Visitor: 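Could you have a look at this structure, given as structure tokens, before my questions?
Quick note: numbers below take in every heavy atom, side chains included, and nothing from hydrogens, waters or symmetry partners. In what follows, chains carry the letters A, B, and so on, assigned in the order in which the sequence lines appear, proteins first and then strands, with residues in each chain numbered from 1. Quick caveat, the model's predicted, so the values are computed rather than measured.
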Amino acid sequence: MYLKQQRILLERLRSILKTKYDIELANLAIEQPPEIRFGDYALPVAFELAKRLRKAPRKIAEELVAELATLEGFKSFEVAGAGYINAHLDRSAAVVVFAEEGTVVLTSGLHVLVEHTSINPNKAAHVGHLRNAILGDTFVRLLRAAGQKVDVQNYIDNTGVQVADVVVGLEHLEQLSYSEVKGLLAVLNERGERVDYYCWDLYARVSAWYDQGSPEEKQTKKQIRLATLHQLEEGSNETSEIAKILSTAVLRRHLETMLRLDIEYDFLPRESEILRLKFWELAFEQLKTRGVLYHETEGKNKGCWVMKRAGGSRTGGERRARAEENRQELPEHDDAETGPDEDAKVIVRSNGTVTYVGKDIAYHLWKFGLLGRDFGYRPFFKYPDRECWISDETGEKEHPLFGGAQAIYNVIDSRQSDPQSNVIEALRGLGYTAEADRYTHFSYEMVALTPRCAVELGYEVAEADLRRAFIEVSGRKGFGVKADDLLDKLIEAAQKEVDSRQPERGEDERNQIAKEIAIGAVRYFMLKYTRNSVIAFDFKDALSFEGETGPYVQYAVVRARNIFRKAGTTAEEVLADFSASGADAYLAAEDAEDIWSLWLRASKRTLLVEQCITTAEPAYLAKHAFQLAQDFNNFYHRHHILTEEDAAKKKLLLATAAVAQRELIQALAWLGITAPEAM
RNA sequence: GCGCCUGUAGCUCAGUUGGAUAGAGCGUCUGGCUACGAACCAGAAGGCCGGGGGUUCGAAUCCCUCCGGGCGCACCA
């Protein structure tokens, strides 16, 4: 509603500017006045025009207000301050419209692909992975809310050095054969022990083992590591078979962990298939024929196929521009005889093997349907209402279509921004500029631990680290908070609260409520920070259920539900037969601005979805949900609905609570959070 | 050395494309449960928005510079 009226207002203003002054502005600023009594929209356009028209801003604003006169949905316009134009919505009309609005289903028709989670299948998921998955999943929900067709992918690097390291641990530290590893997995499964936890410790042990011993011994270990990696890449040997069953077992654990948070995937592309199906060969051909890669014949990269880096500082154009800026003469012999570009990115090594970026380019060509080859597919994991597929060399004949997306989002932490931009530049170099423009590195900062949290967990913390704001987690060192441990702790804490507050409810119901609260807490916690803020993780903050938290928002819904339960009706019923007749007086009353401001905020739903998508920032929605809950709690205290004697006012109050409930539940759903019946 | 991010209340963070008196949570202090549930609400204290300069009618926001913090910059993956 809010967004719709905003567009109507801006459109009208645009046409007035065109006819009256013959002015067209690219983007008209619009905002909300600092206080609700000033109005619902503020236009500072007069300030911008003052110079062009050689008139005082106030004068221009007055002229514009006169031109605006009346506009559908608006009650009045006025000049305020030094030249703002404030617009007031027709409150009673707006309230009726918005009560009927319900959940608007948009259809954009855009086919997008979101890749998130992408944990190396060699250890348990930790809090950093949780941030990734929660951000990605929430963004997927937002895109779907906007009517986009979204495929969710979780990339599995099952042939990389991290998996190799754990395999080294199994084969060389534990001295296990393929069948013994198989037995180990069965035993762990029987005992109800988590294989990803087992790997967490083993991975840390192997990493420490590499660093032990004499230089000769270390060299030998390094050789073992490399040989293992090569066997994984090659496939069809005992070592690669161990890697296969192990990484698959760990992957299943990851999917189970994420399912606890209501996070699902459509497709799991694996690096093993990218290798076996020779995606790279096809990409290499394209890159060579279009001159994106060139064969270096001199310098340190001699014998490699390399690509110029994005925005490389060595290009002649930039140098010239800079020289001009400084009013300096160009050096005599500039570009003419420059040697090899040592800053170029190596894509194919001199021994003929391809680097990670090379494989990534091939994979992204597939994502956009530009490779000319597809994966094989087979079903892998069953969700209650859908199936998750995995890549396979041959696969099944019948399968859904993946890839060939119009736009992609890669949820990958900010440390990977260099390699990500390499891939984008390669696409651009190949002439796929439209695709490059629709390639979004959905980057976010890491989750680190506060020194206090690290000490609490029993890790040894160096003196210097104690003074830092945060310490980076490290899978290699086994340093971090596991995702499942955090969830278990959250459920335990929520359970305690629920048990004491809801003793009369059954155990199953209490368990269910505790889980919902735990999920609400952790998802909100990961979403309340904007993407490029490092989260310094601390149990005290993460386990909080008060203040700006998920449970706070959930609690607001529970309160609203109780009102309707006691009133013997539902929010839907109240809204279905709501008319604003007789409500005008209450909506306009100075001492009841809280009612209108609640409606106004609630009506911003579509504005928020749009904003979150264009900025790729789900935190705005989390903030919105919290503020709406805050508005509702405030309203709840000021107006006692069920004892209200004035029938017309009671109707309005009920409708207000109903709208708040509807919008809170919707916002929470997009955040991946459910609202319990009681808590 | 180069690139990207970042510095806002005691702490953790918001702050739309530059706009009206810079906001929230936590913590501290004070008050509010015989009310639709207090996982709540109200109030108070707490700010040279890292420093300096510039652009602008207007700067936390844009530009320059200095200082502090973080992360990347391999023929590893």
Side-chain angles (χ1 to χ4, degrees), chain A residues 26-35 38 42 44 47-48 50-51 56-57 80-84 86 120 157 159-162 164 225-226 229 271 296 300-306 309-311 313 343 345-351 353 355-357 359 413-419 421 443 445-446 448 450 468-470 472 494 497-498 501 517 528-530 532-536 538 540-541 544-549 551-552 554-556 558-567 607 611 614-615 617 619-620 623 626-627 630 633-634 636-644 657 678-679:
Chain A
N27 46 351
L28 275 171
I30 188 159
E31 61 208 52
Q32 220 187 311
E35 281 183 52
F38 293 163
F47 298 111
E48 201 175 334
K51 206 168 217 177
Y84 284 96
N86 288 345
N120 270 297
D157 183 4
T159 57
V161 71
Q162 292 209 26
R225 187 188 196 194
L226 209 60
L229 179 63
E271 182 159 81
E296 183 58 80
K300 68 173 178 130
N301 294 334
K302 187 179 173 182
C304 298
W305 286 87
V306 302
R309 266 182 209 278
S313 57
D343 194 41
K345 175 72 194 163
V346 172
I347 303 296
V348 181
R349 304 185 189 100
S350 54
N351 67 6
T353 58
T355 60
Y356 184 79
V357 171
K359 284 181 264 188
D413 78 69
S414 61
R415 286 170 290 194
Q416 304 269 0
S417 69
D418 252 29
S421 58
S443 109
E445 273 290 350
M446 62 183 167
T450 62
R468 296 165 61 119
F470 54 83
E472 191 174 349
E497 293 294 326
V498 175
R501 288 163 201 255
I517 292 170
K528 70 192 258 192
Y529 300 93
T530 47
N532 47 16
S533 163
V534 175
I535 297 180
D538 198 307
K540 183 176 124 305
D541 299 331
S544 169
F545 298 148
E546 287 163 21
E548 196 192 343
T549 65
Y552 174 94
Q554 291 172 312
Y555 187 61
V558 167
R559 284 178 137 183
R561 284 197 169 132
N562 284 342
I563 295 171
F564 297 111
R565 189 178 304 121
K566 294 231 167 165
L607 179 74
Q611 191 188 0
T614 56
T615 57
E617 182 53 89
Y620 295 136
K623 206 59 149 191
F626 171 66
Q627 287 172 336
Q630 222 175 13
N633 277 331
N634 177 282
Y636 180 93
H637 274 271
R638 290 175 64 154
H639 307 277
H640 198 260
I641 300 172
L642 296 182
T643 57
E644 176 59 49
M679 64 188 275

Visitor: Would you mind telling me which residue lines up with the more 5' stretch of RNA chain B, A:Val558 or A:Val348, judged by nearest nucleotide?
Guide: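 Nearest nucleotide further toward 5': that of A:Val558.
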
Visitor: Search all heavy atoms of A:Ala469 against all heavy atoms of A:Ala536 and return the closest pair with its distance.
Guide: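 For A:Ala469 and A:Ala536, the tightest heavy-atom pair comes out as O-CB, 4.1 Å.
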
Visitor: Partner of B:rG7 by Watson-Crick or G-U wobble geometry, both contacts under 3.5 Å, or none?
Guide: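 Answer to the pairing question: B:rC67, which forms a Watson-Crick or G-U pair with B:rG7.
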
Visitor: Contact class for A:Tyr529 vs. all strands (heavy atom < 4.0 Å): base, sugar-phosphate, or nothing?
Guide: sugar-phosphate

Visitor: Check the pair A:Thr159 / A:Glu271 against side-chain contact (heavy atoms from CB on, under 4.5 Å), numbers first and verdict last.
Guide: CA-CA 6 Å; A:Thr159 57; A:Glu271 182 159 81; 2.9 Å; yes

Visitor: Go through the steps to decide whether A:Glu445 and A:Tyr529 satisfy the test side-chain contact (heavy atoms from CB on, under 4.5 Å), and finish with yes or no.
Guide: CA-CA 10 Å; A:Glu445 273 290 350; A:Tyr529 300 93; over 6 Å; no

Visitor: Show the nearest heavy-atom pair for residues A:Pro57 and A:Ala82, with the distance to one decimal.
Guide: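 Looking at all heavy atoms of both residues, the shortest contact is CB-O, 3.6 Å.
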
Visitor: Mind checking A:Pro57 for me? I need base, sugar-phosphate or nothing, with any heavy atom below 4.0 Å counting as a touch.
Guide: nothing

Visitor: Considering only the C1' atoms, how many Å lie between B:rG7 and B:rG52, rounded to the nearest integer?
Guide: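 My reading of the C1' atoms in B:rG7 and B:rG52 gives 16 Å.
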
Visitor: Taking a pair as Watson-Crick or G-U wobble with both distances under 3.5 Å, which nucleotide is matched to B:rU56?
Guide: none

Visitor: Report the distance from atom CD1 of A:Ile535 to atom NZ of A:Lys528, rounding to the nearest 0.5 Å.
Guide: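 Reported to 0.5 Å precision, the distance equals 9.0 Å.
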
Visitor: When you compare B:rG27 with B:rA39, how far apart are their P atoms, in angstrom units rounded to a whole number?
Guide: 15 Å

Visitor: In whole angstrom, give me the gap between the C1' atoms of B:rC48 and B:rG37.
Guide: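 Roughly 46 Å separates the two C1' atoms.
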
Visitor: Rounding to the closest angstrom, what is the interatomic distance between B:rC41 and B:rG3 at atom P?
Guide: 47 Å

Visitor: How do A:His639 and A:Gly303 order along RNA chain B: which one's closest nucleotide is nearer the 5' end?
Guide: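 The residue closer to the strand's 5' end, by nearest nucleotide, is A:His639.
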
Visitor: Looking at B:rC57, B:rC76, B:rU21, which one has an atom nearest to any side-chain atom of A:Glu35?
Guide: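 Looking only at side-chain atoms, A:Glu35 lies closest to B:rU21.
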
Visitor: Within this structure, what is the CZ-to-C1' distance between A:Phe47 and B:rU56, rounded to whole angstrom?
Guide: 13 Å

Visitor: May I ask you to verify whether the side chain of A:Ser350 and the base of B:rC75 hold a donor-acceptor pair under 3.5 Å?
Guide: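 Answer yes: a donor N or O sits under 3.5 Å from an acceptor.
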
Visitor: Check every strand shown and say whether A:Ala567 touches a base, only sugar-phosphate, or nothing at a heavy-atom separation below 4.0 Å.
Guide: nothing

Visitor: Please give, in whole Å, the distance from B:rU56 P to A:Glu48 CD?
Guide: 15 Å

Visitor: Report yes if a side-chain nitrogen or oxygen of A:Lys51 is closer than 4.0 Å to either non-bridging phosphate oxygen (OP1 or OP2) of B:rC57; otherwise report no.
Guide: yes

Visitor: Tell me whether the side-chain N or O atoms of A:Gln611 pair up with the base of B:rU16 as donor and acceptor below 3.5 Å, since no angle test is needed here.
Guide: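 Such a pair exists between side chain and base.
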
Visitor: Answer yes or no: does a side-chain N or O of A:Tyr356 lie under 4.0 Å from OP1 or OP2 of B:rC75?
Guide: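 No, no such contact exists.
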
Visitor: With a non-hydrogen cut-off below 4.0 angstrom, is A:Asn120 in contact with a base, only sugar-phosphate, or nothing?
Guide: nothing

Visitor: So A:His639 and A:Glu644, side-chain contact (heavy atoms from CB on, under 4.5 Å) or not? Walk me through it.
Guide: CA-CA 8 Å; A:His639 307 277; A:Glu644 176 59 49; over 6 Å; no

Visitor: How many angstroms lie between CD in A:Glu31 and CG in A:Asn86, if you round to the nearest 0.5 Å?
Guide: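 Rounded to the nearest 0.5 Å, the CD-CG separation comes out at 9.0 Å.
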
Visitor: Within the sub-3.5 Å range, which N or O atoms of nucleotides 69-74 of chain B have a protein N or O partner, and how far apart are they?
Guide:
none

Visitor: Between B:rA45 and B:rU6, how many Å separate the two P atoms, rounded to a whole number?
Guide: 32 Å

Visitor: What is the distance from atom CD of A:Gln554 to atom CE of A:Met679, rounded to the nearest 0.5 Å?
Guide: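 Those atoms lie 5.0 Å apart.
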
Visitor: Checking base pairs now: Watson-Crick or wobble, both atom distances under 3.5 Å. What partners B:rU61?
Guide: none

Visitor: Can you tell me the distance, in whole Å, between the CD atom of A:Gln162 and the C1' atom of B:rC76?
Guide: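 Distance, rounded to whole Å: 12 Å.
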
Visitor: What's A:Ile30 touching, base or sugar-phosphate or nothing? Going by heavy atoms closer than 4.0 Å.
Guide: base

Visitor: Please give the distance between the P atoms of B:rU55 and B:rU61 as a whole number of Å.
Guide: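 Approximately 15 Å lies between the P atom of B:rU55 and that of B:rU61.
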
Visitor: Would you mind classifying the nucleic acid contact of A:Asn562 as base, sugar-phosphate or nothing, using non-hydrogen atoms under 4.0 angstrom?
Guide: base

Visitor: Say we look at B:rC62 and B:rU21: how far apart would their C1' atoms be, to the nearest angstrom?
Guide: 24 Å

Visitor: At under 4.0 Å between heavy atoms, how does the protein contact nucleotides 38-44 of chain B? Give one character per nucleotide, 5' to 3', with B, S or -.
Guide: SBBSS--

Visitor: Rounded to whole Å, please give me the gap between CD in A:Gln416 and C1' in B:rC4.
Guide: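 That distance rounds to 14 Å.
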
Visitor: Roughly how far, to the nearest 0.5 Å, is OG1 of A:Thr614 from OH of A:Tyr620?
Guide: 8.5 Å

Visitor: With both distances kept under 3.5 Å, what pairs with B:rG23, Watson-Crick or G-U wobble?
Guide: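 Paired with B:rG23, as far as the under-3.5 Å criterion goes, is B:rC13.
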
Visitor: Just name whichever nucleotide pairs with B:rG1, Watson-Crick or G-U, keeping both distances under 3.5 Å, else none.
Guide: B:rC73

Visitor: Could you tell me how far B:rA24 sits from B:rG15 if I compare only their C1' atoms? Round to whole Å.
Guide: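 So the two C1' atoms sit 10 Å from each other.
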
Visitor: Would you kindly give the CD-to-P distance between A:Gln32 and B:rA20, to the nearest whole Å?
Guide: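 Whole-Å distance recorded here is 13 Å.
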
Visitor: Sequence neighbours left out, what passes salt bridge (Lys or Arg N to Asp or Glu O under 4.0 Å) with A:Glu617? Give chain and number order.
Guide: A:Arg531

Visitor: Salt bridge or not between A:Lys540 and A:Asp538? Use side-chain N to carboxylate O under 4.0 Å.
Guide: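 No, no charged N to carboxylate O under 4.0 Å.
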
Visitor: Taking pairing as Watson-Crick or G-U wobble with both contacts under 3.5 Å, can you name the mate of B:rA42, or confirm there isn't one?
Guide: B:rU30

Visitor: In whole angstroms, how far is the C1' atom of B:rG15 from the OH atom of A:Tyr620?
Guide: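 Interatomic distance, OH of A:Tyr620 to C1' of B:rG15: 9 Å.
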
Visitor: Given A:Asn633 and A:Tyr552, is the side chain to side chain donor-acceptor pair (under 3.5 Å) satisfied, shown in steps?
Guide: CA-CA 10 Å; A:Asn633 277 331; A:Tyr552 174 94; 3.0 Å; yes

Visitor: Roughly how many Å is it from CD in A:Glu31 to C1' in B:rG15, rounded to a whole number?
Guide: 13 Å

Visitor: Please lay out, stage by stage, how A:Arg565 and A:Asn562 fare under the test side chain to side chain donor-acceptor pair (under 3.5 Å).
Guide: CA-CA 5 Å; A:Arg565 189 178 304 121; A:Asn562 284 342; 2.6 Å; yes

Visitor: Rounded to the nearest Å, what distance is computed from the NZ atom of residue A:Lys540 to the P atom of nucleotide B:rG25?
Guide: 15 Å

